[in-house]
There are 2 protein chains.
Amino acid sequence: MAGSQDELSNIAESLKSLGLTKYEALVYIALLKVAGATATEIHQVSGVPRASVYPVLDRLNQKNLVYVSNTSPKRFDAMPPDEGIGNLLASIEDSAQEAKAVLSDIFRQRIGVERGTQELIWSSYGQDNIHIRISELIRQAKQSIRIFCNMHFFTSAMIETLETAGESVTIEIIVDQWTGAAPKNIKILIKKAPIGHEIDNKTITGGVFLFDCKRVMVIMGPQDDGLTGLYSESDGFVRFFSSYWRFFKDWARK
Amino acid sequence: MAGSQDELSNIAESLKSLGLTKYEALVYIALLKVAGATATEIHQVSGVPRASVYPVLDRLNQKNLVYVSNTSPKRFDAMPPDEGIGNLLASIEDSAQEAKAVLSDIFRQRIGVERGTQELIWSSYGQDNIHIRISELIRQAKQSIRIFCNMHFFTSAMIETLETAGESVTIEIIVDQWTGAAPKNIKILIKKAPIGHEIDNKTITGGVFLFDCKRVMVIMGPQDDGLTGLYSESDGFVRFFSSYWRFFKDWARK
DNA sequence: CACTTGTTGTTATTGTTATAACAACATTTA
DNA sequence: TAAATGTTGTTATAACAATAACAACAAGTG
């Protein structure tokens, strides 16, 4: 039978982010396994209490994920996942587009724009968030990108982004090692640097990312999670890390 | 100032379907209006209780929608909507794709496939759901589509779908009237039919949709909402509505 | 036939969780 | 000192989860 326990709870998570509840997910999955099932069969396959199955099926019906027959007992049938999930996603994408339009409108009229905002240092947390943020900064760079960090911070997706950006922007990276093919359009200096060390069995990592000599992102913290990123366009901050970077560049060349 | 009351609550709805709570939506919108705001300013602009602002900003920070400064008092800044909403949507799309893959896998191995399923009559509710379902059936049709209903049931999107399908499939429509341009590839018979009447100020509408002489969708109910759709591949059901359709076709021709 | 048995669909009730709303307090800043 | 800030804890509320109880009905059994 399909669906390991782990895979199943994983899918339940995915379906939740599409707006389904736990029960809705379980019932829908059960209906995918057994065609034209009765409420009792759904209850047996999904583990959802029989009485709860009815309201849940109602909601799924509203969402166009299941059909109901007029027989007695009622039988239920699942919309094929491609269409069902597709419809769900489509309506979310509509919402997203609408939200984008209106919010961008508000964003353009924002007040208090200059309040020394560019002198501040902004924090963000979590490895994923920081990866996303850095990828965006890479894409927005117009002239130069300078990076100083450990190899294991890079994801393959990020390296791809860098290679693409490298076509129009100067990229220099100081890194402890480089596994995999040498990337195009990127100047790499390999040097084991004194960033990254161990505390409590956790690798504490660090890194500096400079964009167009105007924007800096500094990362630090444990490798897996709890990673902190500091972003700033502040003059002093940028200057500090620019010279920091130049120092290590000279040092790496020896 | 941007954002009418109605528009705002609309956007809040859209943001909810992207996984934000009411407060998260309000705070994010407030931050889009005022750059680099403090917690208190956010509280004033958004109307969210000041004490609630902090945990909400935490969650938004996790979701990569806001940045936090290290100053005192803390200042917050919103991710531009294009990127912020884009990131949210991207992660939902990932979930959807994963869900699709795994669920389609389960779907392919479904048991109890033939149990007279094709003899059953399936119901679905709600105008939107029925529109979606019919559009899919139109796209899946291989040979012929026959429709008998009121003009006001058609949406412009559905007419487009029909015109596209008309390139490879015979389409005949019996309808009470036709406003707008005469569609390509579609044979239209105009005749005020005895379907659709009024009860309690509500227009009760009806319609028959035949696909490849094998699948039928019958709709009925109030025009606005609560519309019911019956779908079947049952032989008897199909035959009944085929002759029903033929009868009205002859009648419409006179 | 009366009677049990089992199933179905519905409703009511309780528990649980996440969000919302508020009050209180220690800390900082002017 | 007065005002603003950041944090904590408590209570309310709504949605969902879980269980129990019930009426309606069909099928089988003495």
Side-chain angles (χ1 to χ4, degrees), chain A residues 8-9 12-13 15-31 34 36-63 65-77 112 115-116 120 122-123 125, chain B residues 8-9 12-13 15-31 34 36-63 65-77 112 115 120-123 125:
Chain A
L8 221 76
S9 69
E13 270 311 303
L15 290 177
K16 266 188 203 169
S17 71
L18 288 165
L20 300 195
T21 67
K22 183 180 160 192
Y23 276 12
E24 288 169 353
L26 289 174
V27 167
Y28 183 59
I29 293 172
L31 257 180
V34 186
T38 63
T40 304
E41 287 170 330
I42 293 170
H43 149 66
Q44 287 161 345
V45 174
S46 66
V48 173
R50 193 177 60 87
S52 299
V53 159
Y54 294 95
V56 168
L57 280 165
D58 259 1
R59 281 178 270 158
L60 287 174
N61 192 244
Q62 302 283 327
K63 292 177 184 172
L65 287 173
V66 313
Y67 303 123
V68 193
S69 81
N70 296 333
T71 54
S72 173
K74 289 181 182 174
R75 289 189 174 274
F76 302 88
D77 201 21
R115 198 189 243 172
L120 296 180
W122 303 100
S123 312
Y125 304 98
Chain B
L8 220 78
S9 69
E13 270 311 303
L15 290 177
K16 265 189 205 169
S17 71
L18 288 165
L20 300 196
T21 66
K22 185 179 160 194
Y23 275 13
E24 288 168 352
L26 289 174
V27 167
Y28 183 59
I29 293 172
L31 256 180
V34 185
T38 64
T40 304
E41 287 170 328
I42 293 170
H43 148 65
Q44 286 162 346
V45 174
S46 66
V48 172
R50 196 178 55 86
S52 300
V53 160
Y54 294 95
V56 168
L57 280 165
D58 261 0
R59 281 180 269 159
L60 287 174
N61 192 244
Q62 303 283 327
K63 291 177 185 172
L65 286 173
V66 313
Y67 303 123
V68 192
S69 82
N70 296 334
T71 55
S72 174
K74 290 181 181 173
R75 290 190 173 273
F76 302 88
D77 200 23
R115 196 191 245 171
L120 295 179
I121 297 164
W122 303 100
S123 311
Y125 303 98

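Below, chains carry the letters A, B, ... as their sequence lines are ordered, and counting in each starts from 1. Just so it is clear, the values below take in all heavy atoms, side chains as well, and ignore hydrogens, waters and symmetry mates.
Rounded to the nearest 0.5 Å, atoms CD (Glu13(A)) and NZ (Lys22(A)) are 11.0 Å apart. Taken to the nearest 0.5 Å, the OH atom of Tyr67(B) stands 11.5 Å off from the OG atom of Ser123(A).
When side chains are defined from C-beta on, Val34(A) does not count as touching Ile42(A), because their heavy atoms never get closer than 4.5 Å. Here the side chains of Leu65(A) and Glu24(A) are not in contact, with every heavy-atom distance at 4.5 Å or above. Counting only heavy atoms from C-beta outward, the side chains of Val27(A) and Leu57(A) approach each other to under 4.5 Å.
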Sugar-phosphate means primed atoms, P, OP1 and OP2; the rest is base. With that split, encode nucleotides 7-17 of chain C 5' to 3' as B, S or - using protein heavy atoms under 4.0 Å. -BBBB------

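The CD-P distance, from Glu24(B) to dA18(C), rounds to 13 Å in whole Å. Taking atom CG of Leu26(B) as the reference point, atom C1' of dA20(C) lies 12 Å away to the nearest angstrom. If you measure from atom NZ of Lys22(B) to atom C1' of dT19(C), you get 10 Å, rounded to the nearest angstrom. For the pair Lys16(B) NZ and dT19(C) C1', the interatomic distance rounds to 11 Å; values are reported in whole Å. The distance between atom NE2 of His43(A) and atom P of dA20(D), rounded to the nearest whole Å, is 12 Å.
Checking Asn61(B), Asp58(B), Val56(B), Asp77(B) one by one against Val66(B), the side chain to side chain contact (heavy atoms under 4.5 Å, CB included) holds for a single residue, Asn61(B).
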